[in-house]
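Please read the structure below before turning to the comments.
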Amino acid sequence: NAGVTQTPKFQVLKTGQSMTLQCAQDMNHEYMSWYRQDPGMGLRLIHYSVGAGITDQGEVPNGYNVSRSTTEDFPLRLLSAAPSQTSVYFCASRPAGTRTEAFFGQGTRLTVV
Amino acid sequence: GESVGLHLPTLSVQEGDNSIINCAYSNSASDYFIWYKQESGKGPQFIIDIRSNMDKRQGQRVTVLLNKTVKHLSLQIAATQPGDSAVYFCAEKTRDSSYKLIFGSGTRLLVRP
């Protein structure tokens with residue numbers, strides 16, 4: 001199994017540009033999440049989904065949109081990129097219920113200039 | 001690897017010694033506490049979790065201790081090896097939001113040969 005796959009691995013955007021970070025999982029997990037990781041800040045939750053068609057905001061949702069049309073895919077859209085969105089982005093999935101083991105992708109390093 | 005962790009607290013230990021990584025939490029409503037390990041350039045990886053009604057749980061070379069009185073969580077690694085060098089995050093799962101994992105800011109573990 002591939003697990004959680006994120007694309008692209010690296011991206012440079014100009015301020016004001018939009019783009020979509022892709023995330024796909026092949027484990028049939030109900031829960032999926034997007035985190036951003038900044039130096040010294042740990043992982044902060046952007047958006048999450050508990051199943052196809054259901055999404056909600058996390059701690060830092062501003063400037064980002066998500067959708068969950070299928071169980072497998074959970075894309076993250078940057079509407080108008082800003083330098084403050086320079087970060088490493090991680091997508092994670094895990095099964096519903098009490099299990100706490102989340103599976104993370106390899107990350108997308110985004111730089112906004 | 002990414003620049004994550006430049007400002008993280010760092011624990012330096014000699015190879016073969018035991019390591020103790022600490023974490024303070026604030027949410028008494030959490031029902032699980034979890035430890036993740038992040039190697040350079042990779043996404044976090046699940047190590048072990050502990051339910052809130054337990055004080056101690058052991059895994060392979062790792063032990064997690066939970067002190068609810070002072071809201072403190074620790075991860076003990078026995079006979080630390082060079083492959084243990086990484087950033088370690090504690091995380092919480094709350095009873096009312098089982099789909100969310102909230103991460104702490106992390107500790108960098110450096111193993112000296």
Side-chain angles (χ1 to χ4, degrees), chain A residues 2-6 9-11 23 25 27 29-51 54-61 68 74 86-111, chain B residues 1-10 21 23-27 30-54 57 59 62 64 66 73 86-108:
Chain A
V4 179
T5 303
Q6 288 183 239
K9 287 187 169 53
F10 301 93
Q11 182 70 49
C23 176
Q25 53 98 2
M27 297 171 283
H29 289 166
E30 292 88 348
Y31 298 164
M32 295 188 75
S33 304
W34 276 102
Y35 293 86
R36 60 177 288 173
Q37 187 172 37
D38 303 307
M41 298 289 287
L43 292 156
R44 291 187 291 171
L45 182 64
I46 305 172
H47 284 286
Y48 61 94
S49 169
V50 299
I54 306 170
T55 64
D56 207 344
Q57 297 180 349
E59 305 169 78
V60 288
R68 184 99 180 267
F74 191 44
T86 294
S87 189
V88 181
Y89 292 85
F90 287 100
C91 178
S93 76
R94 66 185 178 96
T98 57
R99 281 187 60 186
T100 60
E101 182 176 5
F103 296 82
F104 284 80
Q106 291 281 75
T108 296
R109 177 180 289 278
L110 176 68
T111 302
Chain B
E2 68 272 5
S3 61
V4 169
L6 281 178
H7 309 293
L8 291 175
T10 299
I21 301 170
C23 177
Y25 67 91
S26 58
N27 191 346
S30 296
D31 59 350
Y32 280 89
F33 299 89
I34 313 110
W35 283 100
Y36 280 81
K37 172 186 180 183
Q38 186 178 26
E39 297 175 342
S40 182
K42 298 183 178 180
Q45 184 176 15
F46 175 89
I47 303 172
I48 191 169
D49 66 4
I50 186 169
R51 195 166 179 174
S52 60
N53 62 356
M54 300 171 64
R57 189 176 184 205
V62 295
V64 57
L66 177 62
L73 183 72
V87 176
Y88 290 80
F89 294 96
C90 63
E92 306 173 49
K93 184 179 79 65
T94 60
R95 292 184 185 88
D96 58 349
S97 304
S98 62
Y99 34 84
K100 285 189 197 177
L101 295 180
I102 304 299
F103 285 78
S105 57
T107 298
R108 179 180 297 281

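Throughout, protein chains are lettered first and strands after them, A, B, ... in sequence-line order, and every chain is numbered starting at 1.
For B:Arg51, there are no salt bridge (charged side-chain N to carboxylate O under 4.0 Å, His left out) partners two or more places apart in sequence or in a different chain. For A:Arg68, there are no salt bridge (charged side-chain N to carboxylate O under 4.0 Å, His left out) partners two or more places apart in sequence or in a different chain.
Across every non-hydrogen atom of A:Arg94 and B:Lys93, the tightest pair is NH2-CD, 3.8 Å. Scanning all heavy atoms of the two residues, the minimum distance from A:Gln37 to B:Phe89 falls at NE2-CZ, 3.1 Å.
With a 4.5 Å cut-off on side-chain heavy atoms, A:Leu43 and B:Pro44 count as touching.
Summarising the local packing, CD of A:Glu59 is surrounded by more than 12 heavy atoms from other residues, nucleotides or ligands at distances under 6.0 Å.
The CZ atom of B:Phe46 lies 11.5 Å from the CZ atom of A:Phe104; values are rounded to the nearest 0.5 Å. Taking CG from B:Asp31 and OG1 from A:Thr100, the interatomic distance works out to 9.5 Å, rounded to the nearest 0.5 Å.
There is no contact between A:Phe103 and chain B, counting heavy-atom distances below 4.5 Å. Using a 4.5 Å cut-off between heavy atoms, A:Gln6 does not touch chain B at all.
Considering only heavy-atom pairs separated by less than 4.5 Å from chain B, the leading option among A:Ala102, A:Gly105, A:Cys91, A:Gly107 is A:Ala102.
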